[in-house]
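Residue indices begin at 1 and follow the sequence shown. Reckoned from all heavy atoms, side chains included, excluding hydrogens, waters and symmetry mates. Just so we're clear, the structure is a prediction, and the values are computed from it rather than from any experiment.
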Amino acid sequence: MIKITYYGHSSFLLEIGDKRIVFDPFFRSNPKASHIDINEIRPDYVLVSHGHNDHVEDVEFLVNSTDAVLVSNFEIVNWFAEKGVKNHHSMNHGGSKVFDFGKVKYVNAIHSSTLPDGTSGGNPGGFVIKSEKGCFYFAGDTALSYDMKLIKEEFDLDFAFLPIGDNYTMGMEDAIKAADFVGTDKIIGMHYNTFPDIEIDLENAKKVALQAGKELILINIGETITL
């Protein structure tokens, strides 16, 4: 089983065994996460899907204050290394790396990726993580893609983190298709209701998921669940 804590937008803490992994940290400029104390998170790893500020804002603070390891693509890792981040591991699309919490594969995403100062963040991606405690897909910001079918061919997923806010990413209908493509019935929704452009009708999203035979899991900010 894996413990999952939601911090709003696309930011999560996953506890896999005794390791703590944060995805796409965005706390201090997210008004809906203002009650979260970033000093208490203490990750061992920080995984970043792409370079937009609403996914990287708190990377430098978390890594430098905890000695966590930043894991992302080559361009993002190098950008943070130039800013003084010392602990890091770069990856690129299709590559896998075994860490002490499990095996990580960096997979395709369809989106843009510009770092806060305008530098290119390389190509955006997502992560598939396979561990003794479970196997899951963190899609990052992405459109629906037939590439997702390759995940189903290689992995037996327990659940998937999928964006559902539409406008900048998939909406709920495409997230349903993505869940089918990757081979899971459990969707953890992310990247919704943070800003006006991605506000959605949550009751309708739940209805769409239910009609498709999917479980849409919407975690309250600051809440922890176990899957």
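Across every non-hydrogen atom of M170 and A143, the tightest pair is CG-C, 3.6 Å. Of all heavy-atom pairs spanning A81 and H88, the tightest one is CB-NE2, 3.7 Å. L62 and P25 get closest at one heavy-atom pair: CD1-CB, 3.6 Å. Across all their heavy atoms, P116 and G51 have their closest contact at CD-O, 3.6 Å. For G94 against K105, the heavy-atom pair with the smallest separation is O-CE, 3.6 Å. Nearest heavy-atom pair across A68 and V63 is O-CG1, 3.2 Å.
Connection of I110 to I151 is not established within any shared hydrophobic cluster, with ILVMFWY side chains joined at heavy-atom distances below 4.5 Å, either directly or through further cluster members. Both I225 and I187 belong to a single network of hydrophobic side chains, linked directly or stepwise wherever heavy atoms of I, L, V, M, F, W or Y lie under 4.5 Å apart. Y6 and I198 fall into different hydrophobic clusters, where Ile, Leu, Val, Met, Phe, Trp and Tyr residues are linked whenever their side-chain heavy atoms come under 4.5 Å apart, directly or through other members. Neither F74 nor V69 shares a network with the other; the hydrophobic side chains, linked directly or stepwise wherever heavy atoms of I, L, V, M, F, W or Y lie under 4.5 Å apart, form separate groups for each. Following chains of ILVMFWY side-chain contacts shorter than 4.5 Å, one cannot reach M190 starting from F26, and the two form parts of different hydrophobic clusters.
Counting heavy atoms from C-beta on, the side chains of D156 and C135 never come closer than 4.5 Å. The closest side-chain heavy-atom distance from T142 to M148 is below 4.5 Å. A 4.5 Å side-chain heavy-atom check between Q211 and I176 finds every atom pair outside the cut-off. At least one side-chain heavy atom of I164 sits under 4.5 Å from a side-chain heavy atom of L218. Here the side chains of I38 and F61 are in contact, with some heavy-atom distance below 4.5 Å. At least one side-chain heavy atom of I221 sits under 4.5 Å from a side-chain heavy atom of H35. At least one side-chain heavy atom of V208 sits less than 4.5 Å from a side-chain heavy atom of E173. The side-chain heavy atoms of L216 and M172, taken from C-beta on, include a pair separated by under 4.5 Å.
Taking the six-membered ring for Trp and thresholds of 30 and 60 degrees, F136 and F23 have ring planes more than 60 degrees apart, a perpendicular arrangement. Between F99 and F101, the ring-plane angle classifies as parallel under the 30° and 60° cut-offs. Classification of the F27-Y7 ring pair by plane angle, with boundaries at 30° and 60°, yields perpendicular.
Distance alone, capped at 3.5 Å, is enough to place a donor-acceptor pair between the N193 side chain and the I200 backbone. With hydrogens and angles ignored, the 3.5 Å screen pairs no side-chain donor or acceptor of S131 with any backbone N or O of G102. Without hydrogens or angle criteria, R20 side chain to R42 main chain gives a donor-acceptor distance under 3.5 Å. Between the side chain of S11 and the main chain of D24, a donor-acceptor pair closer than 3.5 Å is present. The backbone N or O of D141 lies less than 3.5 Å from no partner atom in the side chain of T169, so there is not a single donor-acceptor pair. Looking at K214, its side chain does come within 3.5 Å of a backbone N or O of T184 through a donor-acceptor pair.
Of the N and O atoms on the side chains of D100 and Y45, at least one donor lies less than 3.5 Å from an acceptor on the other residue. At a cut-off of 3.5 Å, with distance as the only test, a side-chain donor of D197 or Y168 sits close to an acceptor on the other residue.
Remark: H111 engages H50, H52 in a ring pair (Phe, Tyr, Trp, His ring centres under 6.0 Å) (not counting sequence neighbours).
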Please report the C-alpha distance between V85 and N64 in whole Å, then the side-chain angles of each, then the deciding distance to 0.1 Å, and finally whether the side chain to side chain contact (heavy atoms under 4.5 Å, CB included) criterion is met.
CA-CA 6 Å; V85 169; N64 286 345; 4.0 Å; yes
Review point. Should I36 and I41 be marked as a side chain to side chain contact (heavy atoms under 4.5 Å, CB included) after you check the CA-CA gap, both sets of side-chain angles, and the distance that decides it?
Key: CA-CA 9 Å; I36 301 299; I41 296 172; 4.2 Å; yes
Hey, mind stepping through F127 and Y137 against side chain to side chain contact (heavy atoms under 4.5 Å, CB included) and telling me if it holds? CA-CA 6 Å; F127 299 96; Y137 168 45; over 6 Å; no
Go through L14 and F161 one step at a time and tell me if the side chain to side chain contact (heavy atoms under 4.5 Å, CB included) criterion holds. CA-CA 12 Å; L14 273 72; F161 296 87; 3.8 Å; yes
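Taking CD1 of I76 as the start and CG of L115 as the end, the distance is 5.5 Å to the nearest 0.5 Å. With rounding to the nearest 0.5 angstrom, the CG atom of N123 is 7.0 Å from the CG atom of N92. Atom-to-atom distance recorded for L227:CG and I188:CD1 is 5.0 Å, nearest 0.5 angstrom. Atom CD1 of I2 and atom NZ of K133 lie 9.0 Å apart (nearest 0.5 Å). Distance check: N39 CG to D37 CG gives 5.0 Å after rounding to the nearest 0.5 Å. Here the straight-line distance linking atom CG of L162 with atom CG of D174 works out to 10.5 Å at 0.5 Å rounding.
A side chain to side chain contact (heavy atoms under 4.5 Å, CB included) with H55 is found for one member of S72, S49, P124 and no other, namely S49. With L157 as reference, V128 is the one residue of D185, V128, I129 to meet the side chain to side chain contact (heavy atoms under 4.5 Å, CB included) rule. Paired with V48 under the rule side chain to side chain contact (heavy atoms under 4.5 Å, CB included), one option of N73, L70, V77 passes, and it is L70.
Within the structure, ring pair (Phe, Tyr, Trp, His ring centres under 6.0 Å) pairs that include any residue of residues 193-227 comprise H9-F195 (at least two apart or interchain).
Within a 6.0 Å sphere centred on NZ of K86, heavy atoms belonging to other residues, nucleotides or ligands number 12 at most.
A salt bridge does not link K152 with D180: every distance from a Lys NZ or Arg NE/NH1/NH2 to an Asp or Glu carboxylate oxygen is 4.0 Å or more.
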